[in-house]
Each structure stands twice: as structure tokens, then as C-alpha cells.
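Worksheet for the structure shown next.
This one's a predicted model, so the numbers in the text were calculated from it and none came from an experiment. Lettering of chains follows the sequences in order, A, B, ..., and the numbering in each one begins at 1.
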There are 2 protein chains.
Amino acid sequence: MSRKRLPALSPAETEILRLVWLLGRGTVQQVCDKLPPRRRIAYATVQTLLRRLEKKGYVRHESQGKAHVFSPAAEREEVIRRTVGDFVDRLFGGDPLPLMLHLADHSKLDADNLKRLKKFFAKKKP
Amino acid sequence: MSRKRLPALSPAETEILRLVWLLGRGTVQQVCDKLPPRRRIAYATVQTLLRRLEKKGYVRHESQGKAHVFSPAAEREEVIRRTVGDFVDRLFGGDPLPLMLHLADHSKLDADNLKRLKKFFAKKKP
DNA sequence: TGACGTGTTGTACAAATGTACGATAATAAT
DNA sequence: ATTATTATCGTACATTTGTACAACACGTCA
């Protein structure tokens, strides 16, 4: 696989890409419907964002009749890794620990998730 | 304290702001010197970024002789919280757990930090 | 077959971003 | 004082980003 670095994602693009991952495959309309109520963006705007994501290589589309069906075109894990990495670099100089502690502190974790984390770290080896 | 939402930070601004936090107080030159070798930005660019950070309310400056000495003007914890929150929203739809697990998985934690995390989670209550 | 809805394309555009040069002002060295 | 050194300021500018309208295409239903 051609592991070339894709162009950076803008915040809005990131948001849309997340929805494409969530859907697996979906039309512009379906992506719109998945938008959180808080974050209302016009259909046309989502369209543009998807177009740009495609140009950048993050999604592809296939024409299904009239509509376009979009689907991921890049390894999600890889994109996440890079995006998180960049974020940690900028805000914490590359050290992930402060972020982890911050998240652990400020996130309202339900008992279930907390248990998962406890277990995860209990058995994690150096 | 006037808890008003400051304008969003751009990636480059975030990076510079981190250095101001790191320094406590510092001139443009000192900020430049703290830039990681990878991320070389011209003096003039750092200057502009600091100017914008000041306009947005993230830093202040006091003239010390010829040079300007910049220092933080916003609560770091608060800024971090908001920045991280936005990031989690965009990339994970607001759920911090996937990010925590991702970090735990992909970060090379030395034994010391791992111990800290183990302890942290062991005694964390829901 | 012609009007209707739905979706896509092209295009636009102001604001934000990243980056930096040239002019000017203040300092320090000679 | 005159010059060399620095730092700031104003300004600039190509891109990118966020947002979206108008025009055009393709099936669909009457």
C-alpha cells in the first residue's frame, strides 16, 4: 500500500470524515442526517466538504443512480494516529501523558468504561 | 473572572501558545528558540502569531526596553479543556474513551509513566 | 412526454491561516 | 555622535477554510 501522507484535515473536514467512517458508506443526505443537532451545516456545505475530502484522498465515491455514495478511502487507524499525533505535538509538545491524565480527570466516565480502563491498565505491560 | 469564550485557536497559534506557557514569560526570540527543530518557523512568523494570540486574548505583552515580553493571559487549564473538548467532538463525536484507549495503545510509555497511570486508575472512583 | 423533485457541479466569496519582507525605531558599540 | 545591530510594525499575499447559491442533469410520476 502506498503509505503516502495525505494532506492535513481541516476541523470541519475531520468532522465529516468521522461521519463517513461511522456510516461505512452513505450519501450526502445520510451524512447530513448524522450531524449532531448542535452542529447544523447546510447540505451544500457538507457536499463541498466531501468533495474536498475526496480530492485529498480520504474518501471515494461511487455513483449510484442519481446520488453519490461516499465511503472511506484511507485507513482509519492510520488517519487517527496521525491526527492525534499532530494534536499532541501542538498542544503538549508530543508528550501524550498529560493528555491522558487530563482526559481521565475531566471525562465523565460511567462505571462501565472506568472498569474497562482499570482492567486495561492493570494488565498493560511496559 | 470573565469566563468568556475566546476565539478558536489555529494549529500554528496553539503551538506557539504552548511555548508561551512553557516559558512563563518570554520574548519572540526566546519563543523561537523553544521551537522544536522539526518545526522551524521564521522569527517574523512567530511574531505575527504572537500578535494574533494577543488580539484573541491568549497572551499579553509588556514592553521591556526594546523587546516585548509575552506571557499567558488566559487560564491554561481552561484553554486545554476547551481545545481537547473540541478535538474529541470532531474526531470521536465527543466520546473520550476511544481517544484514551488509542493513546494507551499507541504511546510508548516508559515504565515510570505507566506506573503512574496504573496507580491513577486503580484508585479512581466512578 | 413534460413537469417535478432531488442531487451534483461550478462557482463564489469573505474570513482565517501560514508565512514573511521592508521600513522604522530603539540600543549598543565604537 | 555615527554606525551596526536588533526588534517591532505595518503590510502583504497566496492558500485554505467555511459556507452556500444558482444552474444544470437525471430519474419519476402523472
Side-chain angles (χ1 to χ4, degrees), chain A residues 5-20 23 25-71 83 86-87 89-91, chain B residues 5-20 23 25-36 38-71 82-83 86-87 89-91:
Chain A
R5 251 184 302 320
L6 300 160
L9 288 167
S10 82
E13 285 167 355
T14 305
E15 201 164 1
I16 297 302
L17 180 56
R18 178 178 73 80
L19 299 179
V20 176
L23 288 167
R25 3 180 309 113
T27 65
V28 178
Q29 196 52 253
Q30 291 174 304
V31 172
C32 282
D33 294 343
K34 279 285 180 232
L35 278 171
R38 277 290 165 227
R39 193 84 179 80
R40 255 304 131 59
I41 319 177
Y43 183 99
T45 304
V46 174
Q47 229 167 192
T48 301
L49 262 355
L50 282 169
R51 246 181 281 165
R52 289 179 184 166
L53 281 171
E54 180 158 34
K55 178 151 300 177
K56 289 189 180 180
Y58 288 96
V59 307
R60 83 181 81 255
H61 87 272
E62 83 207 66
S63 298
Q64 194 155 67
K66 59 201 168 189
H68 284 188
V69 180
F70 291 86
S71 51
T83 304
D86 288 351
F87 181 74
D89 283 347
R90 273 185 262 110
L91 197 54
Chain B
R5 251 183 304 320
L6 300 161
L9 288 166
S10 81
E13 284 167 355
T14 305
E15 200 163 3
I16 298 302
L17 180 55
R18 177 178 74 80
L19 299 179
V20 176
L23 288 167
R25 357 179 319 112
T27 66
V28 178
Q29 196 52 253
Q30 290 174 303
V31 171
C32 283
D33 294 342
K34 279 286 181 231
L35 278 171
R38 279 287 167 224
R39 192 84 180 78
R40 256 302 132 58
I41 318 177
Y43 182 99
T45 303
V46 174
Q47 228 170 193
T48 299
L49 262 355
L50 282 169
R51 246 181 281 163
R52 289 180 185 165
L53 281 171
E54 180 159 36
K55 178 150 302 176
K56 290 190 180 180
Y58 288 96
V59 307
R60 83 180 83 254
H61 87 273
E62 81 206 68
S63 297
Q64 194 155 68
K66 59 198 170 191
H68 283 188
V69 179
F70 291 86
S71 51
R82 203 166 45 67
T83 304
D86 289 351
F87 181 74
D89 282 347
R90 273 185 263 106
L91 197 54

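- Remark: B:Leu19 CG to B:Lys34 NZ distance equals 8.5 Å, nearest 0.5 Å.
- Taking CZ of B:Phe87 as the start and OG1 of A:Thr14 as the end, the distance is 8.0 Å to the nearest 0.5 Å.
- Just one residue in the list A:Leu49, A:Leu50, A:Thr83, A:Leu53 forms a side-chain contact (heavy atoms from CB on, under 4.5 Å) with A:Leu17, and that residue is A:Leu53.
- Per the geometry, CG belonging to B:Leu6 stands 17 Å off C1' belonging to C:dA16, to the nearest Å.
- As a whole-Å value, the separation of A:Glu62 CD from C:dG7 C1' is 16 Å.
- One interatomic measurement links the two molecules: CZ of A:Arg90 to P of C:dT17, which rounds to 12 Å at whole-angstrom precision.
- Against DNA chain D, the stretch residues 43-58 of chain A makes heavy-atom approaches under 4.0 Å through A:Ala44, A:Thr45, A:Thr48, A:Arg52, A:Lys56.
- Distance check, rounded to the nearest 0.5 Å: CG of A:Leu9 to CZ of A:Arg18 gives 13.5 Å.
- Extent of DNA chain D lying under 4.0 Å from chain B heavy atoms, first and last nucleotide in 5' to 3' order, is D:dA7 to D:dT11.
- At the phosphate of C:dT9, OP1 or OP2 sits under 4.0 Å from a side-chain N or O atom of A:His68.
- Residues A:Arg39 and A:Glu15 are paired through a salt bridge, judged by an N-O separation under 4.0 Å between the basic side chain and the carboxylate.
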Report the C-alpha separation of A:Arg25 and A:Gln64 in whole Å, then their side-chain angles, then the decisive distance to 0.1 Å, and conclude whether the side-chain contact (heavy atoms from CB on, under 4.5 Å) test is met.
-> CA-CA 12 Å; A:Arg25 3 180 309 113; A:Gln64 194 155 67; 3.9 Å; yes
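- Two residues, B:Ile41 and B:Lys66, neighbour DNA chain C, and the one matched to the more 5' nucleotide by heavy-atom proximity is B:Ile41.
- Crowding of A:Lys56 atom NZ: a count of heavy atoms from other residues, nucleotides or ligands under 6.0 Å exceeding 12.
- Between A:Glu13 atom CD and C:dA16 atom P there is a gap of 18 Å when expressed in whole angstrom units.
- Side-chain contact between B:Glu62 and B:Val69 is present, with at least one heavy-atom pair separated by less than 4.5 Å.
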